[in-house]
Amino acid sequence: MSKPTLGLVGVGKIARDQHLPSIAETDLFDLVALVSTSGAAVPGLPTFATQAEMFAAFPTLDAVALCTPPSVRHALTVEALRAGKHTLIEKPPAATVSELQDLVDEARRADRCLFATWHSQFNPAVDAARDLLAAGGVQSVAVTWREDVRRWHPGQDWIFAAGGFGVFDPGINALSILTRILPTRIFVQAADLLVPANRDTPIEARLAFRPASDAIRGPVTAHFDFLQEGEQTWSIAIEMVDGRRLDLTRGGTVLAVDGVVTVSEPDTEYRRIYRRFRDLVDRNASDVDAAPLHLIADAYSVGRRRTVAAFDW
Ligand code: NAP
């Protein structure tokens, strides 16, 4: 079968760091065009200012990959699906839960694939942790996701604007791992949301969860912090009922059991994502997991908001 043609929309950090190299390495899609509001260029590819212009120039285009911030994702995804394009969307999949549900309906009506990616789920260490937890009871779970926003998101003002998710932009990656590996559903019980005086979204958040069943016996907590200098931490520590300790570290790429590393895979998330997308396109099937987005919405729903010191780059 010939390779589906692909257009990439939003040529920012993640498009350049991960999507463009992974599309090239996996060689499962024929990348033919870009859409960039700022006129970003990649050698050998035409750049269009809007999706509509790209669709007009490539009427048989099969698929698009949307790498923009979440605030504009719903409108761009609806436009792509209605134009008959299979659509991959970056995380978080939409600004609100209702928008995401609407996209699921749009994909069904368009009879096209919608793939809402959660890159942190695409790690062998995450799959291995899920298998271990399925076979034994969980005593407690502690998520620590502390990174320096100035280092990883320099100048991205959209992240602190309403609909930009703030520290939940990385934090939702941790939740996407939790919802994948835990043996039972969890509910947000309490949340502290610390919002800079000059911004809309949290710069730090502490969440406490209540498990839906006794498959998890003790506390489940998460701490997300955007002001971590020095060593950066993206880790999940799990104590099992039988006394074993699981540590998922480096954003879910490394798993250690009782201190011994059992899975360590360098960053292959996006290559796996494009293999999955090709499989979905070939089967004209969708893959949308709304659970991590629901938890963020729930944190806003039950959370207490506190104003903290203004943030500037
Ligand atoms: P970014 O560097 O700001 O890039 C986003 C790009 O989207 C912009 O460069 C711009 O590209 C386009 N865009 C279209 N409408 C926009 C708007 N209203 N505001 C800002 N940009 C707009 O952001 P990013 O880090 O690549 O993140 C994009 C998405 O990927 C986010 O949802 C993020 O959560 C996700 N993600 C990021 C990372 C990471 O490490 N940064 C990792 C995984 C996932 P044009 O100028 O070409 O239009």
Side-chain angles (χ1 to χ4, degrees), residues 7-23 31 33-43 45-54 64-80 87-96 99-100 103 115-123 126 145-177 199-202 224 226 228 232 234 250-253 267-274 276-277 289 292-293 296 313:
L8 184 144
V9 182
V11 191
K13 186 172 189 304
I14 198 61
R16 290 191 183 276
D17 287 358
Q18 295 287 354
H19 288 262
L20 292 172
S22 299
I23 293 164
L31 182 64
L34 306 172
V35 174
S36 174
T37 53
S38 63
V42 170
L45 291 175
T47 299
F48 298 92
T50 65
Q51 276 198 130
E53 288 173 33
M54 176 172 72
V64 294
L66 299 184
C67 305
T68 66
S71 59
V72 291
R73 194 114 60 220
H74 176 261
L76 289 169
T77 307
V78 169
E79 184 185 18
T87 306
L88 175 156
I89 55 180
E90 256 297 347
K91 48 65 55 173
T96 68
E99 282 184 355
L100 182 56
L103 294 182
F115 180 22
T117 61
W118 297 105
H119 64 87
S120 299
Q121 291 184 343
F122 283 80
N123 279 300
V126 170
W145 229 249
R146 300 172 62 119
E147 67 178 53
D148 184 352
V149 67
R150 294 183 174 90
R151 178 167 160 193
W152 301 104
H153 305 275
Q156 291 181 356
D157 277 317
W158 62 261
I159 223 164
F160 285 116
F165 286 76
V167 78
F168 287 132
D169 177 85
I172 202 169
N173 298 334
L175 299 182
S176 77
I177 295 176
R199 306 281 176 167
D200 300 327
T201 58
F224 305 140
F226 243 164
Q228 173 72 17
Q232 308 287 290
W234 300 278
R250 300 188 186 197
T253 61
D267 188 6
T268 57
E269 295 169 352
Y270 279 83
R271 271 172 274 160
R272 291 171 194 276
I273 280 174
Y274 275 95
R276 173 81 174 141
F277 188 34
D289 171 10
L293 188 62
I296 298 296
W313 299 103

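The figures that follow rest on heavy atoms only: side chains count, while hydrogens, waters and symmetry mates do not. First listed ligand is number 1; within each ligand, the first listed atom is number 1.
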Hey, does the side chain of Q51 reach the backbone of L76 with a donor-acceptor pair shorter than 3.5 angstrom?
yes

| query | Sub-3.5 Å donor-acceptor pair from the side chain of T50 to the main-chain atoms of E53, do we have one? | reply | yes

Contacts for ligand 1, heavy atom under 4.0 Å, by chain and number, are G10, V11, G12, K13, I14, S36, T37, S38, C67, T68, P69, P70, V72, R73, E90, K91, P92, H119, Q156, W158, D169, Y270

Give a yes or no on whether the backbone of E99 and the side-chain of R73 come within a donor-acceptor separation of less than 3.5 Å.
no

_Quick test of your reading of the model: are D157 and R199 salt-bridged, counting only N-O distances below 4.0 Å?_
yes

| field | Test log, rule side-chain contact (heavy atoms from CB on, under 4.5 Å), inputs F224 and L175 | value | CA-CA 11 Å; F224 305 140; L175 299 182; 4.1 Å; yes

Next on the checklist: Using a 3.5 Å distance criterion without hydrogens, assess whether the side chain of W118 forms a donor-acceptor pair with backbone atoms of D289.
Outcome noted: yes

